[in-house]
Amino acid sequence: MKIKELFSMQNELNMRIVKEHNLDNSSLFEQRKLAFLVELGELANETRCFKYWSKRPASEKEVILEEYVDGLHFVLSIGLDLGFNEVKVTNEVDLGEKMDKIDINSIFLTLYQHGSRTLANDEFQRFFDTFLGLGVKLSFTFEEIEAAYFKKNAVNHERQDTGY
């Protein structure tokens with residue numbers, strides 16, 4: 001995974017939004033954390049993993065991937081706010097084996113907990129690993145995640161072009 005490139009692309013988008021909306025980047029950390037939590041909830045809703053009372057299936061894979069990537073934008077933004085422009089990426093196979101042992105609802109709850117904290121250095125790495133692990137648990141490859149991120153990042157730039 002080209003993680004340094006993802007951080008760089010996210011930084012470019014963030015700085016564009018800050019400039020075009022006349023914002024103070026240093027004051028956006030709490031909003032970015034809340035935005036992540038909202039996106040995480042939207043992702044959970046599309047997977048329907050917690051809806052034990054319903055027989056309706058999860059949304060299509062593409063819909064779930066788009067929601068996942070929306071969350072990734074904010075994970076990267078949070079990392080940038082904490083001074084990261086790169087993190088160690090766990091091997092996809094190893095991450096998959098680890099996540100196979102964990103219930104998906106527990107992964108979501110762990111991410112809610114991490115997303116609510118300040119996230120010191122080691123905590124951000126665990127937060128990032130858990131979020132990538134959720135993607136693997138949802139049956140996405142790193143290639144799919146990366147491609148979807150590139151696509152959605154372009155959409156986000158187009159939205160800025162049109163005054164979103």
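Note that this is a predicted model, so its numbers are computed, not measured.
- Of the inter-residue distances, the one linking E67 atom CD with E62 atom CD reads 13.0 Å to the nearest 0.5 angstrom.
- Under the salt bridge (charged side-chain N to carboxylate O under 4.0 Å, His left out) criterion, E30 pairs with K33, not counting sequence neighbours.
- Side-chain contact between F50 and I104: absent, with no pair of heavy atoms (C-beta onward) separated by less than 4.5 Å.
- Rounding to the nearest 0.5 Å gives a distance of 4.5 Å between NZ of K4 and CD of E86.
- Evaluation of the side-chain contact (heavy atoms from CB on, under 4.5 Å) rule for K51 yields N45, R48, W53, S54 as partners, not counting sequence neighbours.
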### Message
Could you go through F36 and R32, starting from their C-alpha distance and side-chain angles, then the distance that decides it, and tell me whether this counts as side chain to side chain contact (heavy atoms under 4.5 Å, CB included)?
### Response
CA-CA 6 Å; F36 168 75; R32 288 180 175 138; over 6 Å; no

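- Annotation: side chain of E46 is not in contact with side chain of Y68 (no heavy-atom distance under 4.5 Å).
- By the side-chain hydrogen bond (donor to acceptor under 3.5 Å, both in side chains) test, E66 pairs with K152, sequence neighbours left out.
- Between A148 and V69 the shortest heavy-atom distance is CB-CG2, 3.5 Å.
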### Task
Go through the steps to decide whether N11 and N85 satisfy the test side chain to side chain contact (heavy atoms under 4.5 Å, CB included), and finish with yes or no.
CA-CA 9 Å; N11 188 55; N85 63 8; over 6 Å; no

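- Formation of a donor-acceptor pair under 3.5 Å by the Q125 side chain with backbone atoms of K88 is found in this model.
- In this structure, CG in N153 is found 5.5 Å from CG in L13, a value given to the nearest 0.5 Å.
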### Query
side chain to side chain contact (heavy atoms under 4.5 Å, CB included) between I64 and L138: does it pass, once the steps are laid out?
CA-CA 8 Å; I64 294 172; L138 293 168; 4.2 Å; yes

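- Side-chain contacts under 4.5 Å among hydrophobic residues (ILVMFWY), followed directly or transitively, place V63 with no other residue at all.
- Listed by first and then second residue, the salt bridge (Lys or Arg N to Asp or Glu O under 4.0 Å) pairs involving residues 90-119 are R117-E123 (not counting sequence neighbours).
- Take D129 and apply the salt bridge (charged side-chain N to carboxylate O under 4.0 Å, His left out) test, not counting sequence neighbours, and it matches no residue.
- A donor-acceptor contact shorter than 3.5 Å links the side chain of T130 to the backbone of R126.
- Applying the ring-ring contact (aromatic ring centres under 6.0 Å, His included) test to pairs two or more places apart or on separate chains, none has a residue in residues 94-121.
- In this structure, K137 contributes its side chain and M99 its backbone to a donor-acceptor pair below 3.5 Å.
- Here the straight-line distance linking atom CG of N156 with atom CD1 of I17 works out to 6.5 Å at 0.5 Å rounding.
- Put simply, the side chain of I145 does not reach to within 4.5 Å of the side chain of V136, judged on heavy atoms.
- Counting Ile, Leu, Val, Met, Phe, Trp and Tyr side chains that sit under 4.5 Å apart, directly or through other members, V38 shares a hydrophobic cluster with L34.
- A heavy-atom distance below 4.5 Å is found between the side chains of V18 and L28.
- L82 pairs by the side-chain contact (heavy atoms from CB on, under 4.5 Å) definition with F29, I78, F84, L119, F124, not counting sequence neighbours.
- Annotation: the span from F128 atom CZ to L111 atom CG amounts to 11.5 Å, rounded to 0.5 Å.
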### Task
Take Q10 and L72 through the side chain to side chain contact (heavy atoms under 4.5 Å, CB included) test and state the conclusion after the steps.
CA-CA 10 Å; Q10 189 61 47; L72 180 57; over 6 Å; no

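- If you chain together hydrophobic residues whose side chains sit under 4.5 Å apart, L40 and I102 fall into the same group.
- Note: T110 OG1 to N105 CG = 10.5 Å, rounded to the nearest 0.5 Å.
- Every residue two or more places apart in sequence or in another chain that forms a ring-ring contact (aromatic ring centres under 6.0 Å, His included) with H73 is listed here: Y149.
- Take R16 and apply the side-chain contact (heavy atoms from CB on, under 4.5 Å) test, not counting sequence neighbours, and it matches E20, H157, Q160, D161.
- You'll find the side chain of L134 reaches within 4.5 Å of the side chain of L43, heavy atoms only.
- Applying the side-chain contact (heavy atoms from CB on, under 4.5 Å) test to K61 and every residue at least two apart in sequence or in another chain returns F140, E144.
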